[in-house]
Each structure stands twice: as structure tokens, then as C-alpha cells.
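Beneath this line is the structure, given in C-alpha cells, with notes to follow.
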Amino acid sequence: MQASEIHEIVGAQFGDAILEFKGDAVDPFIVLTAQRILDVALFLRGDERLQFGSLMCLSGADYNDGTLGVVYHVDSMSLGHKIVLKVRVPKDNPHVPSVESVWKTANWHEREAYDLIGVVFDGHPDLRRILLPDDWEGHPLRKDYKVPEFYNGMKVPY
Amino acid sequence: MSEIRTEDMVINMGPQHPSTHGVLRLALTLNGEIVEDVVPHIGYLHRCFEKHCEAMTNYQQVVPYTDRMDYLTSMNNNFPWVLAIEKLLKIEVPERVAYIRVIMAELNRIASHLVAIGTYGNDIGATTPFLFCFRDREKILDLFEKTCGARLLYNYMRVGGLSHDLHKGFAEEARQFIKEFRPTIKELNGLLSYNKIFIERTARVGILPADVAINWGVTGPILRASGVKWDLRKNDTYSLYDRFQFDIPVGTDDVGVIGDCWNRYMLRMREMEESLKIIAQALDTLPEGDVKAAIPKRIRPDPGEVYVRTESPKGELGFYVISDGSATPFRVKARAPSFCNLGALPEFSRGVMVADLIANLGSIDIVLGEVDR
């Protein structure tokens, strides 16, 4: 199925949640309001025409303009099509509903995005740091991140 | 006896443990010998791959960093990176480059599977197959060394090309390897695959149903062992894979049941044969050409983003790259197969014996360098 058809099906159900659709990008994407991502995810997985059974990749990003983003690459193994979903949230209040209940892949990926970018996933069952130590401060992949001088008494920059 | 009060015990397996294949800590909740729960703790090898990418001054500089993700399959790690940047730049590579990439990726797949098979046997208690596997992997490493000078971290592929052309005599040596290696697969099957003790330890152990596997984002041999015929080389084909004839093995129920440890192991054995087929076909049709001609002098992709995924030996390896138009990647996210596959470990390890947990973990074939990046 083409990205434009996927957009139409999603739009018929969640027209108010779609902020932007770019069908001519290398990987066509739909930008959604962050608060609706869980509803849309459930619909994408459950709808007979779409059957988006797997989340390939979930990435956090700091766009360096006061917003953080989460990018979902989803694909349907049964029907062989894929789409990219994006949400954006303000950096000072980065809350996005967790899609862990829809795709379990999101469990660790959301923890990683929380750890490195600092996006808070509401409803995640176990939102802890995953790659960095539990007592690390800050989120290193934010563009305004400053490397701390010391960590537990050890010098950080070498 | 029912009067005796028992409690679950929580113990750490790792971070230093011979069967975790690296630095991984599993917090096990045990009821006697039964594993009630497993919580993997990762991050011990975190090397800030994504942060490093944002500090590079050239997209080519990222290639050696990808080498170090899954250090057993460096060729396969380079592959999606160069494909992603080429897609961003909208450039085509010469035929010869594409052919050599496929040959190298498939050779590296065999080398990686040999380590997986060998160390898996070793985990279960069979030492001899380990030595057989490493002996044959050595021949592949020799080929790589002659061509690009490195035995483990090749830094071989370039955006638009390769660092070196094949060395003189590569084709003959590779054909010789194929000839010698085919009987070795049979030998390994006799030694390990159909060994009664090995089957007892792995068949019907750690069964991962297909729907659970898909939901957890499990890919690669593990997913196929669960009966899902999904291989990106066919299902979302890239580079030249649509030109070659090969099959996608899936799990069977002739020895164990679909989705068990034995099937995950056996799938790698069968995939090696398919890789040999691809290499043989590619060697026969390898065109002439200059492997460095299309390497761009200056890489400044237009603002945009791309997600490119390939079938690495462990599963779907993808790079999500955002370009802001400068010579430095704005954001790079690596979707590592071992990371996703390890996440599903608790799903098929609850309720097994401790010894079977070792079998389960080994059958995933994780490389912690890639899990932690």
C-alpha cells in the first residue's frame, strides 16, 4: 500500500490528530499530535487494511529549536508496507504516551530515548535509564548537553 | 515437607560470566532451580556511538565506529551505513562495488554464524565444534585480511565505494573456501546438530511463538526459527540481493518444535549454505570496474532523513540518519538487532531451569558491543 493511502485511512479516523503529511520524502511520514500517538498506534496495529504488526525502530531526537521529537518506523510484515510517524513535544515538558502496550519493541527503545534524549513516556511500565548508569545526570543527546566534569569522583573528559 | 517455608531468591548472573558473551548482567529471580523472572541489565559497554556521530566532521568517519558495534560482523555494519548515506546523497555505486559488498557481507555472515554456533556448543558443553568453527572462520578472516588489511574491524566500505579493491586471486581463494567449507557443514551437523546430547539440551527448550517474536521486534535467525519467513534480503531487498537465487530457511518441527533453541541454532547452519550459494553466484558474475571512482570528495547531503535497514547476521540492522545539510550528521540512531532480540529474552525464559537459561541466551547470539553501542 502506498503512503498516501495509509495517510487517507488514518486521516479518516484521526483527521484532527494529523498535523502534517509528507508523501514525497525518502521515507514518507505523518506528523501527529503527541497526545494521540497511542490511539493511532492501536489503530495501525489493529486495522485489517493496515496490520502494522511491528515497530522497526523508535528514535528520539532533539531538533535544537526548543522541541524534542520521537520518530516511529512501523512496518507490516503481512502486507509489506511501512510508514513513519512523528511527534514533537516542547523541551520543557516532553511527555509522550508510551506505545509499549502496542509494540513491545518500544519497551527498551523508549527507555533508550528517555535515557539519551529525555523524553518522558507516560504509561511505560518501567521507565528507567537503560544504557547510562542510574545516577547519571542529564541526557547526552540533547544539543545543549554539557559533559559533566566529574562522575562519582571520576574525571569524565579524558 | 509442605511446612518448610521457601522464598524466591534474586541472584545476579554476570556482569562477568562465561556464557553471557560479554558484559551483561541478568538479575534472576529463582524458585529453586526454576527461573521465575529475568531482568537484563545492559549498558556496560556503552560507547556513545550516536553521540560520536554528531561530533564527526565527515560522514565517512562514522564507518569505523559502525565496525565496533557488532565487532563480529563489521562488514554487515558498514553496509547499511553506506547505503543510508548514498540514499541521502542519491548516488549510485558502480556494479563492482555492489557485488563486492554482497560477497563480503555474506562471507562475514558465515564468519558470524560460525562464532554463534561454536560458542553455543561451548555453552552447552561441547568444546570440539568450537575449534572446528574457529578453524574455518580463520580462513574467512585471512581473505578479509588480504583484501583490506584487517582481521576484525575492517573499515572497508566507503560511501560510494570501497577502501580497497579485492586482492589478486581473491576469486580463486574464495571458491576454494566454498569447496572446503561445504563438507565442514556436514561434519558439524554430525558432530553437533544431530548429536543426541545436544538435541536433549536444546530441542523443545525456550520456545518463542511467532506473534510474540514480531511484537517484541525480534528479527533475524530467531524470528525465522519461530516460523516467520522474513528476510530483508528478499522482503525489503537492497543492493543486489534480488539478482541471486537463494532460499530463506525457516524453523521446522522435525527434531524439536518451531521456535525452540535447536531451531534457532539450526537455522544458522542452514543459512550458511545459502550464503555460500550467494557468494558463488556473485563470484561468477563479478564485473570489472574501479571501486573508488564514485567516492564523493565532499559529503553534504541535502537536509532530510532516511532509515535504511539490512539483514545483518543477527537480524535487522538499521540506521536512521537526519541530515541538516552540513558535513556532520545531525542525528544518528542505530537500530541494533541484538538490542531488540535481547529484550525478548524474558518472554521465553520464564519458568525454565537455570541451565536452560544458558541455552536460551546462547541461542539469541547477542554481541554486547551492539546491544550497548
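Chain letters run A, B, ... following the sequence lines, proteins first, then strands; residues in each count from 1. Quick note: numbers below take in every heavy atom, side chains included, and nothing from hydrogens, waters or symmetry partners.
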- [ ] Tell me, for B:Trp216 versus chain A, whether the close heavy atoms (under 4.5 Å) come from the side chain, the backbone, both or neither.
- [x] both

Task: Test ring-ring contact (aromatic ring centres under 6.0 Å, His included) applied to A:Phe121 - qualifying residues, sequence neighbours left out - done: none

Open item on the list: Report, in residue-number order, which members of residues 2-38 of chain A are under 4.5 Å from chain B by heavy-atom distance.
Closed with: A:Val26, A:Asp27, A:Phe29

TODO: Please state whether the side chain, the backbone, both or neither of B:Asn235 comes within less than 4.5 Å of a heavy atom of chain A.
DONE: neither

Open item on the list: Minimum heavy-atom separation for B:Asn263 and B:Gly251, please, with both atom names.
Closed with: OD1-CA, 3.6 Å

- [ ] Look up atom OG1 in A:Thr67 and atom CG in A:Asp62, then write down how far apart they are to the nearest 0.5 Å.
- [x] 7.5 Å

Task: B:Glu311 and its salt bridge (charged side-chain N to carboxylate O under 4.0 Å, His left out) partner, picked from B:Lys234, B:Arg233, B:Arg224 - done: B:Arg224

Open item on the list: Less than 4.5 Å to any heavy atom of chain B: does that hold for the side chain of A:Val102, its backbone, both, or neither?
Closed with: backbone

Task: Partner chain A: residue of B:Leu88, B:Val371, B:Ile214 with the largest heavy-atom pair count (under 4.5 Å) - done: B:Ile214

Task: Contacting region of B:Glu305 [heavy-atom separation from chain A under 4.5 Å] - done: both

Task: Pair B:Glu347-B:Arg350, salt bridge (charged side-chain N to carboxylate O under 4.0 Å, His left out): steps then yes or no - done: CA-CA 6 Å; B:Glu347 282 300 306; B:Arg350 292 195 189 99; 3.7 Å; yes

Open item on the list: For B:Tyr307 and B:Tyr320, take the angle between the two ring planes, folded into 0 to 90°, and tell me which bin it lands in: parallel under 30, tilted 30 to 60, perpendicular over 60.
Closed with: tilted

TODO: State, yes or no, whether a side-chain contact exists between B:Leu24 and B:Leu361 at a heavy-atom distance under 4.5 Å.
DONE: yes

Task: B:Val38 side chain near B:Leu357 side chain, heavy-atom distance below 4.5 Å - done: yes

- [ ] Determine which residues belonging to residues 125-133 of chain A lie within contact range of chain B, meaning some heavy atom pair is under 4.5 Å apart, and list them by number or answer 'none'.
- [x] A:Arg128, A:Ile130, A:Leu131, A:Leu132

Open item on the list: Let's test your reading of the structure: which of B:Pro40, B:Ala344, B:Gly318, B:Gly304 forms the most heavy-atom pairs below 4.5 Å with chain A?
Closed with: B:Pro40

Open item on the list: Over 60° means perpendicular and under 30° means parallel, so tell me whether B:Trp81 and B:Phe319 are parallel, tilted or perpendicular.
Closed with: perpendicular

TODO: Assess B:Arg47 against B:Tyr71: is NZ or CZ under 6.0 Å from the centre of the six-membered ring, and within 45 degrees of the ring's axis?
DONE: no

Open item on the list: Is the ring pair B:Tyr241/B:Phe79 parallel, tilted or perpendicular, if the boundaries are 30 and 60 degrees?
Closed with: tilted

Task: B:Leu342, part contacting chain A, at a heavy-atom distance under 4.5 Å - done: both

- [ ] Identify, with sequence neighbours excluded, every residue that meets side-chain hydrogen bond (donor to acceptor under 3.5 Å, both in side chains) alongside A:His95.
- [x] A:Asp122

Task: Part of A:Leu116 lying under 4.5 Å from any heavy atom of chain B - done: side chain

Task: Selection from B:Arg309, B:Arg373, B:His41, B:Lys87 maximising heavy-atom pairs under 4.5 Å formed with chain A - done: B:Arg309

Open item on the list: Quick check on A:Arg142 against chain B: is it the side chain, the backbone, both or neither that has a heavy atom closer than 4.5 Å?
Closed with: backbone

Task: Contact class of B:Glu50 relative to chain A, heavy atoms under 4.5 angstrom - done: both

TODO: Give, as side chain, backbone, both or neither, the part of B:Leu223 having an atom under 4.5 angstrom from any heavy atom of chain A.
DONE: side chain

- [ ] Grab the two heavy atoms, one from B:Pro221 and one from B:Gly315, that are nearest each other, plus how far apart they are.
- [x] CD-N, 4.4 Å

Task: Contact check, side chains of B:Lys333 and A:Glu112, non-hydrogen atoms, under 4.5 Å - done: yes

Open item on the list: Are B:Val228 and B:Val250 packed together at the side-chain level, in the sense that at least one heavy-atom pair is separated by less than 4.5 angstrom?
Closed with: no

Task: Toward chain A, the part of B:Val308 with a non-hydrogen atom under 4.5 Å - done: neither

Open item on the list: Can you tell me which portion of B:Asp211 sits under 4.5 Å from chain A's heavy atoms? Options are side chain, backbone, both or neither.
Closed with: neither

Task: Spacing of CZ belonging to B:Arg300 relative to CG belonging to B:Asn58, to within rounding of 0.5 Å - done: 10.0 Å

Task: Pairwise side-chain contact, A:Leu58 with A:Glu110, heavy-atom cut-off 4.5 Å (strictly under) - done: yes

Task: Contacting region of A:Asp115 [heavy-atom separation from chain B under 4.5 Å] - done: neither

